[in-house]
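Not measured: the values here are computed from a predicted model.
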Amino acid sequence: MRWSQTLIPTMKEIPADAEVPSHQLMLRAGMIRQLMAGAYTYLPLGLRALKKAEAIVREEMDAAGGIEIFMPALQPIDLFERTGRKTAFGNVLINFNVKRGDRQVHLALGPTHEEVVTDLVSKLISSYRQMPITLYQIQTKFRNEERPRFGILRTSEFLMKDAYSFHSSFESLNETYQKMYRAYCRVFSRCGLDYLPVEAESGPIGGDGSHEFMIPAANGEDQIVYCKQTGYAANCERAETGRKPPVIAASPDAKPIAKVHTPQAGSIEAVCKLLKCKPHKMVKTLIFVADGKPVAVLVRGDHEANEGKIRRALKATTLELADPDVILQVTGAPVGFAGPVGIKCPVIADHDVPLIVNAITGANEADQHYVNVNVATDYQLGTTHDLRNATGGDPSPRGEGTLELVHGIEVGHVFKLGTKYSASLDALFDDEKEFRQPIIMGCYGIGVNRILAGLAETKHDENGLIWPLAIAPYEVILSALDVTDANTLAASEALYADLKAAKVDVLLDDRDQRPGVKFKDADLIGIPLRVNVGGKGLKEGVVELKWRNEKDATKVPVADAARVIQEHLAARRIEEAARVPA
RNA sequence: CGGGGCGUAGCUCAGCUUGGCUAGAGCGCCUGGUUUGGGACCAGGAAGUCGCAGGUUCGAAUCCUGUCGCCCCGACCA
């Protein structure tokens with residue numbers, strides 16, 4: 001393609017509306033333009049990169065045994081009513097009425113396609129002999145994000161690859177899940193992303209039922225913990241910590257307990273402000289109702305209680321925060337003044353709680369707190385548990401190393417669904433013994449746009465984007481440094497023709513611009529290999545080859561240029577492929 | 001939905017506090033010329049309902065009210 005004949009509106013200045021690097025750079029590189037909050041047009045460069053990412057996803061899905069289909073973005077609302085997800089999605093589900101003759105048809109724009117695919121399969125599959133099967137599509141999804149942000153990282157309309165697998169047994173589901181997991185690793189490494197598969201909340205199936213694929217990035221919306229030494233990674237909710245129960249004993253520094261008046265100070269923040277202390281010196285006491293019985297849960301003031309862990313520690317099936325009535329019953333005080341001293345219900349504590357010497361906590365009395373509260377003297381604990389979200393600095397659960405907190409961009413998610421949708425949509429099959437049962441499902445999503453955003457976010461320098469060969473809109477940019485010079489023009493055109501003939505993905509910068517402009521633009525749009533054709537080189541009979549991610553150019557005789565460029569590209573492809581796991 | 005910020009030319013921004021001639025600059029664009037290896041220079045030119053609506057006023061980009069849009073933080077996010 002010739003630059004002069006396509007549409008690449010690069011910008012020298014940073015648009016005021018863009019804050020994060022991926023947004024700024026993709027805008028400046030002329031890849032995207034915003035239509036409204038959360039909706040972007042893909043211009044030629046952006047579209048080419050997107051298509052390359054899409055092609056990689058498709059290849060890997062096909063290789064993993066996926067079967068491609070294409071489902072409607074328009075969906076009848078009653079499908080969502082049957083699965084209860086009209087309510088679950090709430091405002092996120094874009095839905096509306098349209099008039100057809102004398103009736104109203106209530107439609108939704110698909111935020112995902114579990115309902116549609118399950119409905120389809122319920123009609124097409126009725127026997128264990130037809131499974132397993134994995135169907136996938138690459139489709140535009142619609143979600144009414146309450147707050148679209150970060151350019152194309154979070155939009156209301158986005159391209160998603162969603163795959164759904166159908167099984168007659170959990171063994172079969174596990175097998176496909178592993179295949180998909182491997183395919184995802186291949187997709188993201190082929191795209192040149194530094195990704196992290198993390199354990200995620202697993203939902204109905206439990207165990208190893210869900211992984212998210214995250215790209216560590218400063219502007220990522222999700223927080224995960226990661227241990228460099230052991231490679232353990234999980235989202236904060238899901239993550240175990242490697243902490244051990246401490247020895248529970250009174251501290252030699254313990255001071256006598258005392259009651260202080262703390263009017264209106266019912267939150268950690270308010271108490272800290274009032275008593276001029278730090279949250280980590282406080283004991284947060286939360287009253288839960290587990291299987292109908294109240295229980296007090298103790299965590300350090302600066303920590304977040306984790307309901308999943310609490311439920312497991314209590315071996316309870318249901319767990320919810322207590323309402324004010326129950327709190328008044330067990331503490332004798334309104335919300336915000338609970339504490340372990342003298343409380344009238346069972347107490348469990350996080351490992352870190354008994355380590356707080358001279359702690360501050362609620363006095364189970366309105367507007368009163370205790371200071372200098374110490375375990376073993378003022379309240380008793382038999383043992384402690386892991387009851388809170390993991391955080392930076394916690395020991396890794398794998399025995400060595402320390403967890404660090406990193407932000408990440410979620411680009412993929414694999415999930416063992418079980419029978420949630422098949423049961424509510426009557427997708428049943430007959431097994432070997434003629435028992436009719438719901439199909440077991442898995443689902444697997446990849447945000448295709450986020451592959452680009454993630455790359456832009458993590459692979460750039462002060463001059464612009466740096467695309468890997470596999471995703472770059474063009475592999476080579478041929479910069480004709482002075483198109484008014486006949487020699488330069490002739491040499492550029494000849495090389496361009498040779499490269500095109502050899503099927504090299506090349507962009508010819510044939511604009512009547514000064515070399516400086518062309519260099520800056522080439523760097524900005526991040527084409528991996530730049531070929532400079534200009535008077536200086538031609539005098540010596542050479543052109544220059546410069547990789548975007550390397551500092552120096554190499555000189556190549558004009559006559560060899562087409563061949564050497566192809567060799568360079570081949571070598572780079574091998575280099576990139578070497579990072580892809582089997 | 002709570003908090004904050006911003007809407008003036010295609011882009012970045014000045015002007016608004018203290019209302020007053022025909023609304024400015026740089027970049028980009030068009031014309032001509034000189035240039036040509038890291039965002040050139042000279043001369044000329046086109047381009048703006050000052051987000052929109054209403055109000056105050058002799059007079060509003062500027063003050064007031066409303067409204068719409070965009071960005072950021074938070075809440076939310078199968």
Pairwise salt bridge (charged side-chain N to carboxylate O under 4.0 Å, His left out) hits with a residue in residues 214-225 of chain A, at least two apart: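 Listed by first then second residue: A:Arg149-A:Glu221, A:Arg154-A:Glu221.
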Side-chain heavy atoms of A:Asp523 within contact of A:Arg530, under 4.5 Å: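 SC-SC contact between A:Asp523 and A:Arg530 confirmed.
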Side chain to side chain contact (heavy atoms under 4.5 Å, CB included) against A:Arg572, all qualifying residues, sequence neighbours excluded: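 Scan of A:Arg572 (side chain to side chain contact (heavy atoms under 4.5 Å, CB included), adjacent residues dropped) gives A:Leu469, A:Trp547, A:Asn549, A:Glu550, A:Glu575, A:Glu576.
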Residues in side chain to side chain contact (heavy atoms under 4.5 Å, CB included) contact with A:Asn144, at least two apart in sequence or another chain: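 Counting only residues at least two positions away or on another chain, A:Asn144 forms a side chain to side chain contact (heavy atoms under 4.5 Å, CB included) with A:Asn91, A:Ile94.
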Which pairs of donor and acceptor atoms, one on a side chain in residues 9-21 of chain A, lie under 3.5 Å apart (sequence neighbours left out)?
{"unit_1": "A:Thr10", "atom_1": "OG1", "unit_2": "A:Asp521", "atom_2": "OD1", "d": "3.1"}
{"unit_1": "A:Thr10", "atom_1": "OG1", "unit_2": "A:Asp521", "atom_2": "OD2", "d": "3.3"}

Under 4.0 Å protein heavy-atom contacts per nucleotide of nucleotides 31-37 of chain B, with B for base, S for backbone only and - for none: ----BBB
Annotated protein contacts, base or backbone, on nucleotides 11-16 of chain B with a non-hydrogen cut-off under 4.0 Å, one of B, S, - each: BSS---
Distance, P atom - from B:U34 to B:A47, rounded to whole angstrom: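 Roughly 28 Å separates the two P atoms.
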According to side-chain hydrogen bond (donor to acceptor under 3.5 Å, both in side chains), who are the partners of [X], at least two apart in sequence or on a separate chain?
{"X": "A:Thr83", "result": "A:Glu115"}
{"X": "A:Glu475", "result": "A:Arg573"}
{"X": "A:His568", "result": "none"}
{"X": "A:Glu212", "result": "none"}

Tell me which nucleotide, if any, is Watson-Crick or G-U wobble paired with [N] when both distances must be under 3.5 Å.
{"N": "B:G32", "answer": "B:C42"}
{"N": "B:U67", "answer": "B:G51"}
{"N": "B:U17", "answer": "none"}

Among B:G28, B:C71, B:C73, the nucleotide that comes nearest once only the side chain of A:Lys12 is considered: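 Among B:G28, B:C71, B:C73, the one nearest the side chain of A:Lys12 is B:G28.
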Strand contacts (RNA chain B) in residues 71-96 of chain A, 4.0 angstrom heavy-atom criterion: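 A:Arg85, A:Phe89, in order of number.
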Phosphate OP1/OP2 of B:C73: any A:Arg147 side-chain N/O under 4.0 Å: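 Yes, A:Arg147 has a side-chain N/O under 4.0 Å of OP1/OP2 on B:C73.
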Geometric class of the A:Phe213/A:Tyr184 ring pair [parallel <30°, tilted 30-60°, perpendicular >60°]: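 Ring orientation, 0 to 90° scale: tilted.
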Listed once per pair and sorted, the ring-ring contact (aromatic ring centres under 6.0 Å, His included) pairs that draw on residues 9-29 of chain A, sequence neighbours left out: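 Sorted result for residues 9-29 of chain A: A:His23-A:Tyr40.
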Sugar-phosphate, base or nothing in reach of A:Glu114, heavy atoms under 4.0 Å: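 Here A:Glu114 touches no strand at all.
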